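Each chain gets a letter, A, B and so on, in the order its sequence line appears, and its residues count up from 1. Worth knowing before you read on, the calculation uses all heavy atoms, side chains too, and leaves out hydrogens, waters and symmetry mates. Predicted model only: the values in this text are computed from it and were never measured.
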Protein chains: 2
Amino acid sequence: MKLTSKGRYAVLALADLARFDNINPVSLRDISLRQGISLDYLEQIFSKLRKKEIVQSIRGTQGGYILKKRAKEIKLTNIFDAVDEKVKTVQCKKESKKGCNGKLTKCLTHNLWDELENHINNFFEEKSLEDLIKKDTNERRI
Amino acid sequence: MKLTSKGRYAVLALADLARFDNINPVSLRDISLRQGISLDYLEQIFSKLRKKEIVQSIRGTQGGYILKKRAKEIKLTNIFDAVDEKVKTVQCKKESKKGCNGKLTKCLTHNLWDELENHINNFFEEKSLEDLIKKDTNERRI
DNA sequence: ATATACTTGACTATTTTAGTCAGGTTTATA
DNA sequence: TATAAACCTGACTAAAATAGTCAAGTATAT
């Protein structure tokens, strides 16, 4: 069970973006340099974030990206959703025949996976981008 | 972010095992048939479970497996640990150079992933095999 | 004009997953 | 003691997912 780096990068890049957001648009080039993420990969990720209206692009020289909503309103769940990072524990939903239909034991673990999925999703729904930045500020080193 | 089927199968198979455990050893063949998991794959999984002393094998005709501890004492975390299903969110721990060392923004998400990891692990540490079976009994259909 | 920066889609090497396969060993029971 | 049921182990592999790269643009501030 692991997070893919696409999801991790998305959160990381947005956190970076959120810190500079008030001043100017942030270029992907800068994020790429600061966070060590390939520019091409960032473009893929931001394309998705833009489609889901999490960020807004500003073209041309001195262009870049800004947040489209306030950091407080961007939950981690929105970010993961945008880049197709899904929390997926059960498989039996799609396979209708081999699934847990009628089988007691399978249904029993099915409940467990659902519960786990909710548990994780709750975590993501509670946390906003702002929470991340706040936390960081508290811990900032000089 | 997803669970691998090795982890899912391990839990499923143990739940199956736990229900028949009091009477006789349960053969992998039976579990394989009941749960639709390949026998060869089950053997791989049970080999690991045995090494971690979660189950005990009984050889020979009419042999099979029994739980080595009480269902109450087997937590999901033990099971996942046995089959190498790890909850892994952060990557920066092993890469010492590209990691979050000195970088504020990385450290900030690092905290997040740690928090998430704990959140999930807590869930696994709370649930025991017994919880699963109990739940099932409550929902048993006639 | 032109450099900077976004935009898109196709492509690919690597890794992980989810098993299979082959060839054992052990032991209850007839 | 023969034998079949059941465990045991390690090597192998096809398929899928991941983590990007590459190429060829378009838009716009200066």
For D:dA17 and A:T4 - does any side-chain N or O of the residue sit under 4.0 Å from the phosphate oxygens OP1/OP2?
no
If I take atom CZ in residue B:F46 and atom P in nucleotide C:dG19, what distance separates them, rounded to the nearest angstrom?
15 Å
In terms of the nearest nucleotide of DNA chain D, which residue is placed more toward the 5' end: B:L28 or B:M1?
B:L28
A:R29 has its side chain closest, among D:dG20, C:dT8, C:dA5, to C:dA5
Within this structure, what is the CD1-to-P distance between A:I45 and C:dT7, rounded to whole angstrom?
15 Å
Donor-acceptor list for residues 39-63 of chain A side chains, cut-off 3.5 Å, not counting sequence neighbours:
from	atom 1	to	atom 2	distance (Å)
A:K48	NZ	A:D84	OD2	2.9

How sharply is the helix from C:dA1-D:dT30 to C:dA30-D:dT1 bent, taking the axes over five pairs at either end and rounding to 10 degrees?
10°
Could you give the CZ-to-P distance, from A:R50 to D:dA27, as a whole number of Å?
12 Å
Minimal non-hydrogen separation, A:A71 against A:S128, with atom names
O-CB, 3.7 Å
Any side-chain to backbone donor/acceptor pair from B:N118 onto B:E115? Under 3.5 Å, distance only.
no
In this structure, how many angstroms lie between the P atom of C:dA18 and the OH atom of B:Y9, rounded?
8 Å
What's the closest nucleotide to the B:K51 side chain, out of D:dT9, D:dA19, C:dG19?
D:dT9
Does the base of C:dT7 carry an N or O that pairs as donor and acceptor with the side chain of A:Q44 under 3.5 Å?
no
Could you tell me how far apart B:L42 (CG) and D:dT9 (P) are, to the nearest whole angstrom?
16 Å
May I ask you to test the A:F124-A:N121 pair for a side-chain heavy-atom distance under 4.5 Å?
yes
State whether A:S57 places a side-chain N or O below 4.0 Å from either non-bridging phosphate oxygen (OP1 or OP2) of C:dC6.
no
NZ of A:K2 versus C1' of D:dA16: gap in Å, rounded?
12 Å
Closest non-hydrogen atoms of B:R34 and B:V26, given as atom of the first, atom of the second and distance, are NH2-CG1, 3.6 Å
Length of the line joining B:N24:CG and D:dA5:P, which is rounded to integer Å
17 Å
Of the listed D:dA19, C:dC6, C:dT20, the closest approach to the A:Y65 side chain comes from C:dC6
In whole angstroms, how far is the C1' atom of C:dA5 from the CG atom of A:D30?
11 Å
Nucleotide by nucleotide, 5' to 3', does protein get under 4.0 Å of the base (B), only the sugar-phosphate (S), or neither (-) in nucleotides 22-30 of chain C, counting heavy atoms?
---BSBB--
Would one find a side-chain N or O of B:S5 under 4.0 angstrom from OP1 or OP2 of C:dG19?
yes
So, do A:T77 and A:F123 sit near enough that their side-chain heavy atoms are less than 4.5 Å apart?
no
Taking atom types as modelled, is there a side-chain donor on A:T4 or A:E85 under 3.5 Å from an acceptor on the other?
yes
